[in-house]
Q: 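Handing you a structure now.
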Protein chains: 2
Amino acid sequence: MTEIDTSDGGVPPLAPEQLATYFALMEAVSLLQHRVEQQLRADGGISYVQFQLLARLVQADGPLTMTQLADGVVYSRSGLTYQAGLLETAGLITRSTLPEDERATLVTLTEQGAALFGRVLPGHVEVSRVLLFDPLTADDVRHLGEVMTRVRDHMRAQPPRSAAPRKRRAGTAR
Amino acid sequence: MTEIDTSDGGVPPLAPEQLATYFALMEAVSLLQHRVEQQLRADGGISYVQFQLLARLVQADGPLTMTQLADGVVYSRSGLTYQAGLLETAGLITRSTLPEDERATLVTLTEQGAALFGRVLPGHVEVSRVLLFDPLTADDVRHLGEVMTRVRDHMRAQPPRSAAPRKRRAGTAR
DNA sequence: TATTGTTATACTCTATAACTATA
DNA sequence: TATAGTTATAGAGTATAACAATA
């Protein structure tokens, strides 16, 4: 096994520890995501994206507009419309026009939606406990939570895209 | 905003801090993944999965069989075949039969593949630095790396699926 | 004109099952 | 019979661009 060389004329290399941390983080979360998707699919027939949308509505404790609902969950308007369509067809939400601004669509959690979320959550919590929290001390959790909250807020504050000049464009695996 | 209630007859609830940590982790990494995908697509025309496969070959410093290559990256044989097909078409890898075991396929990184990886890596490193490492202290990185390595190893040791009894099955958003 | 959301469409990716070939 | 990989196929999801309607 060879160590990946991140040195480059232009960019300062990452410390090896940073690269290892990055890969461990990405791999661990990928595994977690995969299991979580399986659990949600098996227990409630929903994806993690759909779970997140329901979770937002539960947290908001009231209707949200599409835009409010989208936030960090979905990265294109049409993607959200698609997901909302699925959730509405499944009877988990309803959509209506917001009277104050008739451009906006108000999304409301149905009883069924709330019930499904409640039904799915214990298994979800169980998966995250077994996979993520079991090998961690209370201190690890505290620190991880603090760090990831900071990172998340930092990312959210970051300019959405561009601003960083894109480089070459290779004709490759599409 | 309402706090999500994870209490349930069957399952012990997560501490609120755990749930918040879990959500912060998932959200932060989702944002990171999204940006990383964009960078790889823009700079090299590859996806993160493809980047991972190339990275494995670079790390291995020699050919790997499909099975060795798959490991934590892809969760189905056919998915790997698909990705390998794309990489081969793009000239980034070649596939050949392993002489010792003619069932196996040997995957070799081409010069082009190595070159592309080298070309894409700086930008990749840059994104992870700006998004992930900038708001972290050296100590945070050390701790995060240690913790996520432990979690990853724990997950990898976990039985792949089933073993945990699945529950109800609701007719819902498919 | 800008904003909210939807639709049409094309594309990427994943997974299951059936299949081939070798061990 | 088990293992390695491929193929066929179907389905889920995403994004871009064009569009409609309201502010």
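The structure displayed is predicted, hence computed values, not measured ones. Convention: sequence-line order gives letters A, B, ...; per-chain numbering from 1.
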Q: Can you work out whether A:Val49 or B:Leu106 has the more 5'-proximal nearest nucleotide on DNA chain D?
A: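 Its nucleotide being nearer the 5' end, the pick is B:Leu106.
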Q: Is the shortest side-chain N to carboxylate O distance from A:Glu146 to A:Arg142 below 4.0 Å?
A: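 Result for this pair is no, no salt bridge flagged.
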Q: Picking from C:dC13, C:dA23, D:dA23, which would you name as closest to the side chain of A:Asp101?
A: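 The answer is D:dA23.
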Q: Could you give the CD-to-C1' distance, from A:Glu88 to C:dG5, as a whole number of Å?
A: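 Interatomic distance, CD of A:Glu88 to C1' of C:dG5: 13 Å.
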Q: Does B:Gln83 place a side-chain N or O at less than 4.0 Å from the phosphate oxygens OP1/OP2 of C:dT14?
A: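 Yes, within the criterion.
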Q: How close or far is atom P of C:dT12 from atom CD1 of B:Ile46, stated in whole angstroms?
A: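 Going from B:Ile46 (CD1) to C:dT12 (P), I get 15 Å.
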Q: Rounding to a whole Å, what distance do you find between B:Glu37:CD and C:dC11:P?
A: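 Rounding to the nearest Å, CD of B:Glu37 and P of C:dC11 are 19 Å apart.
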Q: Below the 4.0 Å mark, does C:dT4 have OP1 or OP2 next to a side-chain nitrogen or oxygen of A:Arg77?
A: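 For C:dT4, OP1/OP2 do have a side-chain N/O of A:Arg77 under 4.0 Å.
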Q: Are A:Val130 and B:Leu19 co-members of a hydrophobic cluster defined by side-chain heavy atoms under 4.5 Å apart?
A: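 They do share one cluster, since a chain of ILVMFWY contacts under 4.5 Å joins B:Leu19 to A:Val130.
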Q: Which whole-number value in Å describes the distance from B:Leu87 CG to D:dT6 C1'?
A: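 Answer to the nearest Å: 16 Å.
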Q: For B:Thr105, answer base if it contacts any base atom (sugar-phosphate contacts may also be present), sugar-phosphate if it contacts only those atoms, and nothing otherwise; contact means non-hydrogen atoms under 4.0 Å.
A: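 Sugar-phosphate, backbone atoms only, no base.
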Q: What's the closest nucleotide to the side chain of B:Glu102 if the choices are C:dT22, C:dA15, C:dT4?
A: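 It is C:dT22.
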Q: Between the side chain of B:Gln50 and the main-chain N/O of B:Ser47, is any donor-acceptor distance below 3.5 Å?
A: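 Checking the backbone N and O of B:Ser47 against the side chain of B:Gln50, a donor-acceptor pair under 3.5 Å is found.
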Q: As a test of reading the structure: which of D:dT16, D:dT6, C:dT22 is closest to the side chain of B:Met66, going by heavy atoms?
A: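 In terms of side-chain proximity for B:Met66, the closest of D:dT16, D:dT6, C:dT22 is D:dT6.
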Q: Consider the side chain of B:Arg103, meaning its heavy atoms from C-beta on, and name the nucleotide among C:dT22, C:dT6, C:dA2 that approaches it most closely.
A: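 Among C:dT22, C:dT6, C:dA2, the one nearest the side chain of B:Arg103 is C:dT22.
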Q: What nucleotide among D:dG13, D:dT14, C:dA15 has an atom nearest to a side-chain atom of A:Ser76?
A: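 Within the option list, the nearest is D:dT14.
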Q: Using whole Å, what does the distance between atom C1' of nucleotide C:dC13 and atom CD of A:Gln33 come to?
A: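 The answer, rounded to whole Å, is 15 Å.
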Q: Is the shortest distance from a Lys or Arg side-chain nitrogen in A:Arg156 or A:Asp153 to a carboxylate oxygen in the other one below 4.0 Å?
A: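 Salt bridge between A:Arg156 and A:Asp153, a charged N being under 4.0 Å from a carboxylate O: no.
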Q: Over how many whole Å does the gap from A:Leu80 atom CG to C:dT3 atom P extend?
A: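 Between P of C:dT3 and CG of A:Leu80: 18 Å.
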Q: Under 4.0 Å between a side-chain N or O of A:Gln50 and OP1 or OP2 of D:dA12?
A: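 Checking A:Gln50 against D:dA12: no side-chain N or O falls below 4.0 Å of OP1 or OP2.
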Q: Using heavy-atom distances to pick each residue's nearest nucleotide on DNA chain D, tell me which of A:Pro99 and A:Ser78 is more 5'.
A: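 The answer here is A:Ser78.
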Q: Consider only side-chain N and O atoms of A:Asp139 and A:Thr137, and report whether a donor and an acceptor are under 3.5 Å apart.
A: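 The answer is no; no qualifying pair exists.
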Q: What nucleotide, of C:dT6, D:dT6, C:dA15, holds the atom closest to the side chain of B:Thr81?
A: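 The nucleotide sitting nearest to the side chain is D:dT6.
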Q: Applying a strict under-4.5 Å side-chain criterion to I, L, V, M, F, W and Y, I'd like to know whether B:Val73 and B:Leu106 cluster together.
A: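 Looking at the clustering, B:Leu106 is in a separate group from B:Val73.
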Q: Starting at CD of B:Glu100 and ending at P of D:dA4, how long is that distance when rounded to a whole Å?
A: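 The distance from CD of B:Glu100 to P of D:dA4 comes to 14 Å, rounded to the nearest Å.
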Q: For D:dG13, take OP1 and OP2 only and decide whether either is under 4.0 Å from a side-chain N or O of A:Arg41.
A: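 Answer is yes, contact under 4.0 Å.
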Q: Calculate the interatomic distance between B:Tyr82 atom OH and D:dA12 atom C1'; express it in whole Å.
A: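 Rounded to the whole Å, the gap is 13 Å.
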